[in-house]
Amino acid sequence: AAAVTIEGVSKSYEVRTGEDVLALDRVDLDIKPGSFVAIVGPSGCGKSTLLSLLAGLTPVSSGRLGIDGDIVVRPHPKAGVVFQSDLLLYWRSILDNILLPIEIKGLDRKAYADRARDLLAQVGLKGFADKFPSELSGGMRQRVAICRALIQEPGLLLMDEPFGALDALTREQMIMDLQTMWIRLRNTVLFITHGIDEAVFLADRVIVMSPRPGRVDLDLAIDIPRPRR
Ligand code: ADP
Ligand code: ADP
């Protein structure tokens with residue numbers, strides 16, 4: 001499991017008209033390896049920005065962001081990402097979607113195919129490897145997106161409202177499945193959600209981000225003690 005260090009990180013977006021938008025203002029946060037951290041807070045408080053920075057999708061404006069001591073300047077090989085939409089490629093089979101990160105990195109597909117099928121079985125999609133995204137429901141596709149993020153056993157799993165687009169029943173099931181998988185994998189998870197219920201259920205630490213004019217603080221962290229490990 002990977003350690004995450006966030007030191008004095010600020011992010012502002014340049015917008016064409018007027019002043020820059022300050023999305024994060026000097027955020028400090030350490031995440032211990034193997035912890036499950038949920039981040040909640042109102043829309044616009046900078047949650048997605050924080051995750052995009054950690055995913056290496058956009059650069060910090062100032063400060064330092066580290067994954068296992070490496071300064072993040074591009075997507076880190078130890079990080080897997082899941083977004084609200086599944087972002088599956090509709091012309092590729094389920095198996096080929098899960099193996100996409102392997103192909104991009106030029107690794108041997110065959111060495112990971114069994115693991116991909118194993119992950120599918122873990123999320124209740126045994127036998128779906130050769131189907132296509134259009135043949136699956138939204139919840140099933142999101143399960144596939146999680147498999148794709150987990151194919152390389154990432155030390156850090158970044159999730160941005162992964163269940164936000166799902167109906168209530170599917171969401172409940174996915175929350176249970178994610179917990180089961182996490183207990184098996186025990187990697188570090190950063191989980192953004194609007195659902196305070198799923199945050200409290202899944203996480204051992206819930207961080208509440210609150211917006212203030214021109215400033216965003218990570219001003220309240222609730223550590224949830226539980227006999228988990
Ligand atoms: P959250 O995920 O908590 O809803 P975001 O990180 O998406 O918050 O947004 C934080 C702030 O940054 C908001 O004011 C938002 O409008 C602004 N913002 C986010 N992305 C961009 C962007 N690409 N360009 C300009 N402003 C942005
Ligand atoms: P409830 O309030 O539904 O009775 P439990 O006491 O079963 O909840 O669990 C409280 C919390 O502890 C849950 O949020 C769950 O995440 C966690 N938990 C319970 N049992 C386990 C377990 N065997 N492994 C990991 N986490 C567990």
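Everything quoted here is computed from the prediction, not taken from an experiment. Numbering of residues begins at 1 and proceeds along the displayed sequence. Read the numbers this way: they start at 1 and go in the same order the structure lists the ligands and their atoms. Excluded from the calculations below are hydrogen atoms, water molecules and symmetry mates; all remaining heavy atoms, backbone and side chain alike, are included.
- The salt bridge (Lys or Arg N to Asp or Glu O under 4.0 Å) pairs that include a residue from residues 66-77 are Asp68-Lys78, where partners are two or more places apart or lie in different chains.
- Taking CZ of Arg148 as the reference point, atom CD1 of Ile98 lies at 9.0 Å (rounded to 0.5 Å).
- Residues that satisfy the side-chain hydrogen bond (donor to acceptor under 3.5 Å, both in side chains) test with Ser52, not counting sequence neighbours, are absent from this structure.
- Enclosure of atom NZ in Lys105 by more than 12 non-hydrogen atoms of other residues, nucleotides or ligands within 6.0 angstrom is indicated.
- Residues Thr180 and Asp177 have side chains that never bring a donor and an acceptor to within less than 3.5 angstrom of each other.
- Annotation: side-chain hydrogen bond (donor to acceptor under 3.5 Å, both in side chains) contacts of Thr5 (sequence neighbours excluded): none.
- For a heavy-atom separation below 4.0 Å, the residues in contact with ligand 1 are Tyr13, Val15, Val21, Ala23, Pro42, Ser43, Gly44, Cys45, Gly46, Lys47, Ser48, Thr49.
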